[in-house]
A.B. asks: 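Have a look at the structure that comes next, please.
In each ligand, atom 1 is the first atom listed, and ligand 1 is the first ligand listed. Being a predicted model, the structure only gives us computed values, none of them experimental.
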Amino acid sequence: MSTLVPPPDFPLRPALIDALQTRFAANCSTALAVRAQHGRDESVFDVPPPGAVVFAESTQDVVDAVRLAGEHGVPVIPYGAGSSIEGHLLAVQGGISIDVSRMNRVLSIQGDDLVATVQPGVTRKQLNEELRDTGLFFPIDPGADASLGGMAATRASGTNAVRYGTMRENVLALEVVTAQGDVIRTGTQARKSSAGYDLTRLFVGSEGTLGVMTEVTVRLYPLPEAVSAAICFFPDLDAAVQTVIQTIQLGVPIARVELLDGNTVRMVNAHAKLTLREEPMLLMEFHGSPASVQEQAETVQALASEAGGNDFSWATTPEDRTRLWTARHNAFFAALQSRPGCRAVTTDTCVPISRLADSVRAAVDDANASGIPYFLVGHVGDGNFHMGYLIDPESPDERERAERLSHDLVARTLAVGGTCTGEHGIGLHKMDFLVEETGEGAVDLMRAVKRALDPRGLMNPGKIFRMR
Ligand SMILES: Cc1cc2nc3c(=O)[nH]c(=O)nc-3n(C[C@H](O)[C@H](O)[C@H](O)COP(=O)(O)OP(=O)(O)OC[C@H]3O[C@@H](n4cnc5c(N)ncnc54)[C@H](O)[C@@H]3O)c2cc1C
């Protein structure tokens with residue numbers, strides 16, 4: 001199980017701080033509040049903050065920050081929007097946080113090719129705002145207004161992945177500052193390529209441990225002609241999950257299908273002042289031509305009715321849809337609010353779709369037996385769901401029990417061919433699970449890649465796996 005013991009503080013030497021301040025002036029901060037903001041997340045870990053924060057405004061800034069850190073032998077931790085939740089950003093070995101949020105220009109939109117190239121600090125909402133008049137959109141939606149660099153680095157996905165894929169499928173090319181401070185390019189704007197090792201895929205999901213992405217080229221999609229959202233309530237979780245399994249097995253190209261258990265609907269109602277029925281609920285969205293949206297919706301409605309689902313209701317106006325999706329995206333914060341002062345131990349398992357019902361059932365039975373309050377939300381069309389155990393951070397007993405629940409859930413997931421993390425990444429929290437999932441041999445190969453690209457171990461060290 002993951003250790004919860006905070007590591008020691010690692011102050012930066014004055015010579016390095018002087019060098020950073022000389023090079024970056026006001027774009028380097030050592031103020032405690034700024035460092036603290038860059039050294040924490042929603043995870044249960046409490047770790048001392050990085051020694052300094054550099055606000056990069058160009059690729060050259062990133063190069064210089066990486067080289068200065070290298071000269072002084074201290075780590076660098078790339079920082080996008082700070083919404084990751086597995087301890088990715090925590091300065092477990094000290095170092096410099098390189099915040100790229102000011103590298104926020106959309107560099108090109110090639111509508112005819114359905115491609116955009118952005119700086120890494122551009123957020124997904126910003127990109128969609130800039131695409132507004134083009135008839136195109138960028139679909140990957142992890143809920144938070146995350147940066148494209150951070151999303152690429154965590155191989156993010158979210159609600160739309162069941163139809164449009166994850167960052168793995170949607171990043172075509174990158175510009176990367178390596179651990180040595182060199183600038184390299186991977187990939188092209190072509191849809192496919194057989195040119196050598198796939199370095200783009202190597203950096204996508206590397207969590208800042210191999211280099212800093214300074215440009216990201218992504219795929220775009222035509223805005224669907226028609227969009228319709230619906231909610232449906234079910235007598236129990238099994239009925240809701242069976243509806244999803246059959247929807248996917250029938251090949252219905254549903255764009256989003258999210259599960260909330262009745263307990264989580266109650267939290268969302270309280271937080272968003274809604275009056276949804278406090279029963280297991282599916283929130284769905286259909287994209288396509290008007291005829292295809294109608295056909296998809298009728299198929300799913302019939303499957304839901306057969307499973308005992310009722311009250312299938314539509315949200316056709318953009319305002320109604322936004323209200324529902326905002327409530328869904330805020331479910332995490334609604335859950336935190338339901339137990340003031342709590343923190344969440346979150347899980348992110350993803351199973352082959354046919355195993356989803358068993359997996360959800362066992363997770364809920366276990367959580368109920370434990371007595372620890374929890375929430376359950378899921379991008380269930382992908383077989384991916386999150387349990388969040390809401391613990392008192394002052395109670396070692398609750399932490400221990402929540403970690404046990406998480407561990408048991410992962411063990412069951414791996415036994416049926418699933419993964420410990422569908423989208424959040426490994427960070428600090430899931431390092432032991434990675435070994436359980438892939439075996440020591442595969443993790444050793446990852447260590448070899450890390451050593452080859454970052455021999456001094458300065459790129460976001462202490463994440464994904466422990467070096468030997
Ligand atoms: C309420 C809530 C709901 C969420 N739901 C989802 C969800 O549905 N799906 C999902 O996928 N995620 C979800 N997340 C997690 C989070 O939003 C994603 O992991 C997101 O991709 C992180 O992007 P960011 O810009 O915030 O990155 P950060 O948190 O800033 O960084 C994340 C990691 O990427 C590295 N990194 C950042 N920028 C760069 C760069 N330019 N180059 C190299 N490395 C970099 C960092 O070092 C760090 O390791 C959720 C988070 C919250 C708080």
A.B. asks: Hey, does Val162 have a side-chain heavy atom less than 4.5 Å from the side chain of His379?
C.D. replies: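 They are not in side-chain contact.
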A.B. asks: Keeping Asp41 on the side-chain end and Ser83 on the backbone end, is there a donor-acceptor pair under 3.5 Å?
C.D. replies: no
A.B. asks: At a non-hydrogen distance cut-off of under 4.0 Å, which region of Leu89 contacts ligand 1 (side chain, backbone, both, or neither)?
C.D. replies: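 For Leu89, the contact with ligand 1 is made by the side chain alone.
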A.B. asks: Does an N or O from Gly143, backbone or side chain, lie closer than 3.5 Å to an N or O of ligand 1?
C.D. replies: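 N/O-N/O distance under 3.5 Å: no.
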A.B. asks: Return yes or no for this condition: an N or O of Val212 is under 3.5 Å from an N or O of ligand 1.
C.D. replies: no
A.B. asks: Below the 3.5 angstrom mark, is there an N/O of Ser84, backbone or side chain, next to an N/O of ligand 1?
C.D. replies: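 Yes: some nitrogen or oxygen of Ser84 is under 3.5 Å from one in ligand 1.
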A.B. asks: Would you mind checking which non-hydrogen protein atom is closest to atom 23 (O) of ligand 1, with the distance to 0.1 Å?
C.D. replies: Ala146 CB, 3.3 Å
A.B. asks: Between Phe286 and Ile254, does a side chain to side chain contact (heavy atoms under 4.5 Å, CB included) hold up when you go through it step by step?
C.D. replies: CA-CA 5 Å; Phe286 305 96; Ile254 195 165; 3.7 Å; yes
A.B. asks: Among protein heavy atoms, which sits nearest to atom 48 (C) of ligand 1, and what does the distance come to when rounded to 0.1 Å?
C.D. replies: His88 CB, 3.6 Å
A.B. asks: Going through the distances and angles, do Leu428 and Lys463 end up as a side chain to side chain contact (heavy atoms under 4.5 Å, CB included)?
C.D. replies: CA-CA 5 Å; Leu428 270 183; Lys463 310 296 163 54; 4.2 Å; yes
A.B. asks: Please determine whether any non-hydrogen atom of His386 lies less than 4.0 Å from an atom of ligand 1.
C.D. replies: no
A.B. asks: Taking the side chain as everything from C-beta on, heavy atoms only, tell me whether Asn160 gets closer than 4.5 Å to Tyr221.
C.D. replies: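 No - every pair of side-chain heavy atoms lies 4.5 Å or more apart.
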A.B. asks: Just need the protein heavy atom nearest to atom 40 (C) of ligand 1, so name the residue and atom and give the distance.
C.D. replies: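 Here the nearest protein heavy atom works out to Met213 N, 3.8 Å.
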A.B. asks: Using 0.5 Å steps for rounding, measure from the CD atom of Glu42 to the CD1 atom of Ile85.
C.D. replies: 8.0 Å
A.B. asks: For atom 34 (O) of ligand 1, grab the closest protein heavy atom and report residue, atom and distance to one decimal in Å.
C.D. replies: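 For this ligand atom, the closest protein heavy atom is Ala153 CB, 3.2 Å.
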A.B. asks: Any nitrogen or oxygen of Glu207 lying under 3.5 Å from a nitrogen or oxygen in ligand 1? Just yes or no.
C.D. replies: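 Between Glu207 and ligand 1, an N or O pair is found under 3.5 Å apart.
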A.B. asks: Out of Phe203, Phe333, Tyr79, indicate the one that has the non-hydrogen atom closest to atom 1 (C) of ligand 1.
C.D. replies: Phe333
A.B. asks: Should one rank Ala344, Ala334, Ser83, Ser147 by closest heavy-atom distance to atom 17 (O) of ligand 1, which comes out on top?
C.D. replies: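 That would be Ser83.
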A.B. asks: Does Glu42, backbone or side chain, put an N or O under 3.5 Å from an N or O of ligand 1?
C.D. replies: no
A.B. asks: Could you go through the side chain to side chain donor-acceptor pair (under 3.5 Å) check for His329 and Asp141 one step at a time?
C.D. replies: CA-CA 10 Å; His329 283 326; Asp141 172 9; 3.1 Å; yes
A.B. asks: Please indicate whether any nitrogen or oxygen in Gly80 is less than 3.5 Å from any nitrogen or oxygen in ligand 1.
C.D. replies: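 For ligand 1, there is an N or O atom that lies under 3.5 Å from one belonging to Gly80.
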A.B. asks: Can you give me the closest heavy-atom contact between Met281 and Val265, atom names plus distance?
C.D. replies: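 The answer is CB-CG2, 4.1 Å.
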A.B. asks: Could you identify the single nearest non-hydrogen protein atom to atom 28 (P) of ligand 1 and state the distance to 0.1 Å?
C.D. replies: Gly82 N, 3.6 Å
A.B. asks: Nearest non-hydrogen atom to atom 19 (O) of ligand 1 belongs to which of Val204, Thr154, Asn460?
C.D. replies: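 Checking each option, the heavy atom nearest atom 19 (O) of ligand 1 is found in Thr154.
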A.B. asks: Of the choices Gly427, Gly211, Pro142, which has the non-hydrogen atom that lies closest to atom 5 (N) of ligand 1?
C.D. replies: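 Considering heavy atoms of Gly427, Gly211, Pro142, the nearest to atom 5 (N) of ligand 1 sits in Pro142.
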A.B. asks: When you look at His386 and His424, which way does the ring pair (Phe, Tyr, Trp, His ring centres under 6.0 Å) test go after all the steps?
C.D. replies: CA-CA 10 Å; His386 310 299; His424 293 166; 4.6 Å; yes
A.B. asks: Does Thr349 reach the side chain of Val410, with side-chain heavy atoms less than 4.5 Å apart?
C.D. replies: yes
A.B. asks: Salt bridge between Arg23 and Glu71, side-chain N to carboxylate O under 4.0 Å?
C.D. replies: no
A.B. asks: Would you call Arg412-Asp358 a salt bridge at under 4.0 Å N-O?
C.D. replies: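 No.
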A.B. asks: Specify the protein heavy atom at minimum distance from atom 46 (C) of ligand 1: its residue, its atom name, and the distance to 0.1 Å.
C.D. replies: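 The answer is Pro78 O, 3.0 Å.
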A.B. asks: How does Lys463 reach ligand 1, by side chain, by backbone, by both or by neither, if only non-hydrogen atoms under 4.0 Å count?
C.D. replies: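 Answer for Lys463: neither.
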A.B. asks: Can you report which non-hydrogen protein atom sits closest to atom 11 (O) of ligand 1, along with the distance?
C.D. replies: Ser157 N, 3.0 Å
A.B. asks: Considering both backbone and side-chain atoms of Ala144, is one of its nitrogen or oxygen atoms within less than 3.5 Å of a nitrogen or oxygen in ligand 1?
C.D. replies: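 No; the residue has no nitrogen or oxygen that sits under 3.5 Å from a nitrogen or oxygen of the ligand.
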